[in-house]
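Have a look at the structure below, then the notes.
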Amino acid sequence: MDAIATKPAELLPTQEASVHTNTRELLDHANRDAKRRGLEDWLIVDIDAHHVESVSWNQIVHYIEDPVQRAAALDYHKNRVGAPPYGLSGDLGLRYQSVGGRIPHQDDQKEVVEDKSVHRDVTLTRRAMEGLAVDYMVVFPTPMLFLGLHPQTRMEVILARAYTRWTIDNLLRADPRIKTFLYLPFNEPDECVRMIEDFADEPGIIGLTVPSVRHKPVHHNAYMKVYAMAEERGLPVAFHAGYHWQDQSLATVNQFLGMHALGFVWCNMIHMTNWVLNGIPERFPGLKSLWVESGLAWVPFLMQRLDDQFLMRQSEAPLLKRLPSEYMSEHCFYTSQPMEKTHPRALQSTFEMIKAETQLLYSSDWPHFDFDTPGTIADIPFIDEQAKRNILGLNAARLFNLPTEPVKRL
Amino acid sequence: MRYYVAEESEIGDGERRVVSCDGKEIGVFRVKGRLFAWHNRCVHQNGPVCQGRIYNRVVEPVAEDGTTRFQEYDAETFHLVCPWHGYEYDIETGQHPGNPRVRLRAAKLEIEDGSIYVSA
Ligand code: FES
C-alpha cells in the first residue's frame, strides 16, 4: 500500500445517456452550474421550450369542436394503419435533428414518470425547469409549427383551437409556472381575432404566437385588427421560426445542418423586413413583437442591409420616420437561442446593436438539439450583472407582467 | 486525492466507467486496448460528455475526379459524442475533429497492480 490517500469513486447511475434517461439527471450539470453561480436567487424565465404535442394527439382530437372532423379524427386514430397525427402537415420523415441518434433527448423522452395526477408533459416540463433552474417556462408545440403551410387553412384553425383547449386543461391548469402563447391560425385573420376573444384571458396565456413558416405577408391589411387587439390588450406577438425544406430557396441545400441553419432564420428575416418596411411599429407603437428561435446573428445583418437600402429608397417606405434598425432595436424583442457564441467580438457587437440589456430574453428551446442553458447568458464576459439578470428574467417579467420574485427551488 | 475506478480487466475494449470523485466526474474509456480518462465536462456548455454515445468517425471519400458518393465509418477512430448538443471528440486525443482547439480536459490516470485510479 502506498502513501497516497485513495478512496473508491462512485459509479454514475447512467453510463450512457439514452432516450430513457431522466431529464433531471441529464440536466444535472446545468442544475449544478446554476447553484454554483447563485442563480437560485435570480428570476429565470425561459421564453421558448417545447413539448411534443403529437404524442398526445389522440387526446387532442377529442377537443376538436367541428363534430364532423372530430368523428373523422377519432375514427382515423382508431382504425388507420400506421397513422401519423390526424390533420397535421409537415415532412414527417425528414426529422434528422438528433444527428443519427447522437443527441437522444431530441428523439424522445421515454423516461419513467410515476406521477399520474398530472399529464406526463407537466412532469417533463417540471423536470426541465428544475434542471435549467427556470422559474417560468413558456411551452410551445412542435410539429404544429409547420401548420402554416397546411393546404386546408380551416384545418389550421380547427387544430389550433383543439390544441389550445387541450393545453389549458392539461398543462396550464396543472401548474402556474407553465405558460404559453396563444397559437394564431394566421392564414385565417378573422379566426385569429376569435382566438384572442375566446382564449387570451385564460390564466397562463401570456402572449400570442404566429408560427413563422408560412407564405402570408404580415403587413396585409387583414391583420391590422389582430395587431390592434394585441396592442390594446398588451399581448406581445411572437414570431416563432421554423424550417421548411420544400422551400424552393433551400432546394439545393443537401444537409440538414445547412437547411436548418438557414431555414430557422430565413422565415423571420422575411417577416421582419415586411414588418419594419411597412411601418407596423409606426402604426401600432404600443405593440411589442418578439422574434423567437432564429438566434441573433441575423439581426445586425438585416439592420445594416435595410438601413443602407432605405436611405437610398426612402419613398418606397414612407411610413418610416427613423432607420429600420431603430425600430428593430426599440420596438422588437428577441429570444436568445440558439445564440451564436463562437465569435465573441461579433456577439458583443450584436448585443450592442440589438440593445440586449432591454430587448433580449433568455430561451432554452429544450429539449431540442441546440438548446441553451442559462449559463450561456450568465457566462458572457462583456455584460454586467444587471444586464444578465435582465436577459435571464427581468426583461420577460416586464414584457409579460410576471412576478419578479423567483419561485423555483433548486 | 486519488480514486479507485475498477480493475483493469473489468473495462473491455469500447467500454467505459463514468464515475464521481466526490462530485467531480471523470470518464475512463478503453479504445484499441489503451485506457483514457477525461473530465465529464464538455467544452461547449458543460454537458455530460462522457455519458454520450460512441460512434466511429464519419468520413466522406473523395474520388480522384473530385466526386463523392457515400459516407463511411473510419473503423480506427472512435468519437465520444456529447449527448447535450452533439460535439464530437476523438477519444484518444480529446480533440474535436472540426476544430482541434476544442478539446476535452484530461484527468490523471494511474494503473497500479492491475487497478485503475484517477485523480480529480
Ligand atoms: S455541452 Fe456538450 S455539446 Fe453542448
Side-chain angles (χ1 to χ4, degrees), chain A residues 1-19 21 25-37 97-107 131-132 254-255 257 337-339 341-342 364-379, chain B residues 1-6 10-11 14-29 37 40-42 44-55 58 60 68 71 73 79-88 98-99 101-102 107-108 110 112-113 115-120:
Chain A
M1 199 64 190
D2 58 43
I4 305 169
T6 300
K7 63 194 278 194
E10 189 188 332
L11 199 64
L12 293 190
T14 295
Q15 292 290 293
E16 184 180 285
S18 74
V19 292
T21 305
E25 194 186 342
L26 189 61
L27 290 175
D28 175 60
H29 284 196
N31 180 278
R32 283 200 272 155
D33 285 348
K35 284 180 187 144
R36 182 174 52 77
R37 294 184 175 101
Q97 283 91 337
S98 77
V99 202
R102 287 165 175 80
I103 309 169
H105 54 87
Q106 168 78 65
D107 274 336
L132 295 169
N254 69 333
Q255 297 292 359
L257 153 63
Q337 179 279 341
M339 198 168 75
K341 297 176 284 293
T342 37
S364 74
D365 197 34
W366 176 260
H368 293 164
F369 80 93
D370 47 359
F371 78 97
D372 280 339
T373 65
T376 54
I377 303 296
D379 279 347
Chain B
M1 176 69 75
R2 71 175 192 172
Y3 296 81
Y4 169 76
V5 177
E10 288 174 332
I11 306 182
E15 293 181 354
R16 76 183 92 180
R17 289 287 185 283
V18 190
V19 296
S20 170
C21 305
D22 289 321
K24 293 227 167 73
E25 294 170 357
I26 291 170
V28 178
F29 300 82
N40 190 24
R41 292 216 154 248
C42 179
H44 179 221
Q45 291 189 34
N46 285 344
V49 56
C50 293
Q51 290 158 282
R53 294 176 72 179
I54 295 170
Y55 284 72
V58 172
E60 186 156 331
T68 62
Q71 295 179 333
Y73 287 115
H79 283 178
L80 178 59
V81 186
C82 180
W84 271 13
H85 315 95
Y87 271 40
E88 302 203 13
N99 182 354
R101 294 184 300 281
V102 173
K108 190 172 170 203
E110 291 169 282
E112 226 175 73
D113 299 332
S115 301
I116 302 169
Y117 300 91
V118 292
S119 303

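First the proteins, then the strands, lettered A, B, ... as listed; each starts at 1.
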Checklist entry - Do you know the tightest heavy-atom contact between Tyr3(B) and Ala9(A)? => result CB-CB, 3.8 Å
Next on the checklist: Minimum heavy-atom separation for Ala17(A) and Pro83(B), please, with both atom names.
Outcome noted: CB-CB, 4.0 Å
Checklist outcome for this item: If one checks every heavy atom of His44(B) against chain A at 4.5 Å, the contacting part turns out to be side chain
Checklist outcome for this item: Taken to the nearest 0.5 Å, the spacing of Gln106(A) CD from His85(B) NE2 works out to 11.0 Å
Checklist entry - Atom CZ of Arg17(B) and atom CG of Leu12(A): how far apart are they, to the nearest 0.5 Å? => result 12.0 Å
Given side chains that start at C-beta, do those of [X] and [Y] come closer than 4.5 Å, heavy atoms only?
X: Thr21(A); Y: Gln51(B); answer: no
X: Asp28(A); Y: Glu25(B); answer: yes
X: His29(A); Y: Val49(B); answer: no
X: Ile4(A); Y: Tyr117(B); answer: no

Checklist outcome for this item: chain A shares the most heavy-atom pairs under 4.5 Å, among Asn40(B), Val5(B), Asp113(B), Ile54(B), with Asn40(B)
[atom1] ([X]) with more than 12 external heavy atoms under 6.0 Å:
X: Lys24(B); atom1: NZ; result: no
X: Arg101(B); atom1: CZ; result: no
X: Glu10(A); atom1: CD; result: no

Checklist entry - Where on Thr376(A) is there a heavy atom nearer than 4.5 Å to chain B: the side chain, the backbone, both, or neither? => result side chain
Checklist entry - With a 4.5 angstrom heavy-atom cut-off, which part of Asp33(A) approaches chain B: side chain, backbone, both or neither? => result side chain
Identify which of [options] forms the greatest number of heavy-atom pairs closer than 4.5 Å to chain B.
options: Asp370(A), Val99(A), Leu26(A); answer: Leu26(A)
options: Thr14(A), Thr342(A), Ile103(A), Leu27(A); answer: Ile103(A)
options: His368(A), Lys341(A), Arg32(A); answer: Arg32(A)

Next on the checklist: Run the side chain to side chain contact (heavy atoms under 4.5 Å, CB included) test on His79(B) and Arg102(A) for me, step by step, so that the C-alpha distance in whole Å, both residues' side-chain angles and the decisive distance to 0.1 Å come before the verdict.
Outcome noted: CA-CA 11 Å; His79(B) 283 178; Arg102(A) 287 165 175 80; over 6 Å; no
Next on the checklist: Treating Trp84(B) as the side-chain partner and Asp372(A) as the backbone partner, does any N or O pair qualify as donor plus acceptor under 3.5 Å?
Outcome noted: no
Checklist entry - Taking only residues two or more places apart in sequence, or in another chain, which ones meet Arg37(A) in a side-chain hydrogen bond (donor to acceptor under 3.5 Å, both in side chains)? => result Asp379(A)
Item to check | For Gln15(A), side-chain hydrogen bond (donor to acceptor under 3.5 Å, both in side chains) partners two or more places apart | outcome: none
